[in-house]
2 protein chains.
Amino acid sequence: MTDIAPPLIGSPNLRPFTHSLPMALLRAREATMRWFRPHLAAHGLTEQRWRVLRALTSADGPLDVGQVAERTFLLAPSLSRILTDLKGLGLVHRVADTVDRRRTLLSLTDDGRRLVTRVAPESESIYGRIEERFGAERLDSLLADLRELEDALAEIDGGGR
Amino acid sequence: MTDIAPPLIGSPNLRPFTHSLPMALLRAREATMRWFRPHLAAHGLTEQRWRVLRALTSADGPLDVGQVAERTFLLAPSLSRILTDLKGLGLVHRVADTVDRRRTLLSLTDDGRRLVTRVAPESESIYGRIEERFGAERLDSLLADLRELEDALAEIDGGGR
DNA sequence: CCCATATGTATAACATGTGAATCAATGGTG
DNA sequence: CACCATTGATTCACATGTTATACATATGGG
């Protein structure tokens, strides 16, 4: 609408920065995380550690590393390190599966559960404030769009089918 | 649709993962970047290095580090390291401002400009494919929503004004 | 039972994210 | 001019992202 793309003398024809999807997603995410980070940091948590604790909280029983990776959207190397830290902090158990000994089973310790109980309410409250600022229905609609974008871009083949 | 949020026996009342805004933004961004990374990597570029090159390309003249940081949305420490790399690759100039000697002025070398010229077309083409998959108007609308989200969350004060 | 292969995690190596500290240069102010 | 708070950039320290590789255990033929 308002972007009239000046003729850019002598430079390749590149779309303006802030109008590019990756940058827009990055900026939106950063604007969001800025609200959560101080609260999490106050409890000695990073965003990623919190994701792991949440995944284990919402699970019925123990999860293996692969399941947690999938649910937290963390790559295996990052997750491996984070689990070492969380175990060091006494927040998670990390025991080998007795059936398939390649698997490591993960669950919260009592301390882990207590921490989640302390952190969760304020975390939800922050989310509520965000919802309030942007509008609840708009947020739902945005989430739906994001999911559809993700689905639309899921299979990479670029048209060669 | 199919997720009916079970009553979560005995666990804190936490919104399901994939319904949280930070995760949704993260997943959408990753789904997007998956399309660009192979192309950039084929030219020895990371996403962040490419952002710096683009910023310098679209500028009228030299930029100082602060300006590039703002436009690329990179934090100063990351940018500092990336500039060292880009200078090492002979893609950017990095000279002290003669007027205010705290400032470092950045500009593309001829090699840098040539590289941008080689990379840009395919990059635009990928963006075009993404636009095609998701729909151009929908993408515009999504970008507008993301920007408004960013604006809505810009000032952190939680309502205490 | 032995092997080749597949699978689940973990490590290595390098680049970036993030917050804090450092350091040089600048611009008032007395 | 000397002082000092401010600013621009870098560096430090630690956590994570990203890709490639290693390692152990499983699994399915011969």
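A note on names: the letters A, B, ... follow the listed sequences, proteins ahead of strands, and every chain is numbered from 1. Below, all heavy atoms of this structure are taken into account, side chains as well, without hydrogens, waters or symmetry copies.
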Exercise. Near Glu70(A) CD, under 6.0 Å, is it more than 12 heavy atoms from other residues, nucleotides or ligands?
Worked result: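 Check fails, neighbour count at 12 or below.
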For this session: For Arg37(A), check side-chain contact (heavy atoms from CB on, under 4.5 Å) against everything at least two apart and list the hits.
Result: Glu30(A), Met33(A), Glu47(A)
Exercise. Sequence neighbours excluded, which residues qualify as side-chain contact (heavy atoms from CB on, under 4.5 Å) partners of Glu150(B)?
Worked result: Arg27(A), Ala31(A)
So, [X] side chain and [Y] main chain: donor-acceptor pair closer than 3.5 Å or not?
X	Y	answer
Tyr127(A)	Leu21(B)	yes
Ser78(B)	Leu74(B)	no
Arg133(B)	Leu153(A)	no

Would you mind reading off the distance between [X] atom [atom1] and [N] atom [atom2], rounded to a whole angstrom?
X	N	atom1	atom2	result
Leu45(A)	dT18(C)	CG	C1'	16 Å
Glu30(A)	dG19(C)	CD	P	7 Å
Lys87(A)	dA10(C)	NZ	P	11 Å
Leu89(B)	dA15(C)	CG	P	10 Å
Asp97(A)	dT7(C)	CG	C1'	14 Å
Arg27(B)	dG17(D)	CZ	C1'	17 Å
Arg37(A)	dT16(D)	CZ	C1'	12 Å
His39(A)	dG19(C)	NE2	C1'	19 Å

Exercise. Name the stems that DNA chain D belongs to, where each is three or more consecutive Watson-Crick or G-U pairs with both distances under 3.5 Å?
Worked result: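 Consecutive-pair runs (3 or more) involving DNA chain D: C:1-30 with D:1-30.
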Seminar exercise, completed: Contact string for nucleotides 6-15 of chain D, one letter per nucleotide 5' to 3', B = base within protein heavy-atom range under 4.0 Å, S = sugar-phosphate only, - = neither, reads -BSSBBBB-S
What pairs of donor and acceptor atoms, side-chain ones from residues 83-93 of chain A against any protein atom, are under 3.5 angstrom apart with sequence neighbours left out?
from, atom 1, to, atom 2, distance (Å)
Thr84(A), OG1, Ser80(A), O, 3.1
Thr84(A), OG1, Arg94(A), NH1, 3.3
Asp85(A), OD2, Arg49(A), NH2, 3.4

Is the closest side-chain heavy-atom distance between [X] and [Y] below 4.5 Å?
X	Y	value
Leu149(A)	Thr32(B)	yes
Phe36(A)	Trp50(A)	no
Thr104(B)	Asp97(B)	no
Leu115(B)	Val119(B)	yes

So which protein nitrogen or oxygen atoms get under 3.5 Å of nucleotides 1-5 of chain C's nitrogens or oxygens?
none

Exercise. How is Val68(A) classified with respect to the nucleic acid when contacts are heavy atoms under 4.0 Å: base, sugar-phosphate, or nothing?
Worked result: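 Answer is nothing: Val68(A) stays at 4.0 Å or more from every strand.
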For this session: Please tell me which of Arg101(A) and Leu74(A) maps to the more 5' nucleotide of DNA chain D, matching each residue to the nucleotide holding its nearest heavy atom.
Result: Leu74(A)
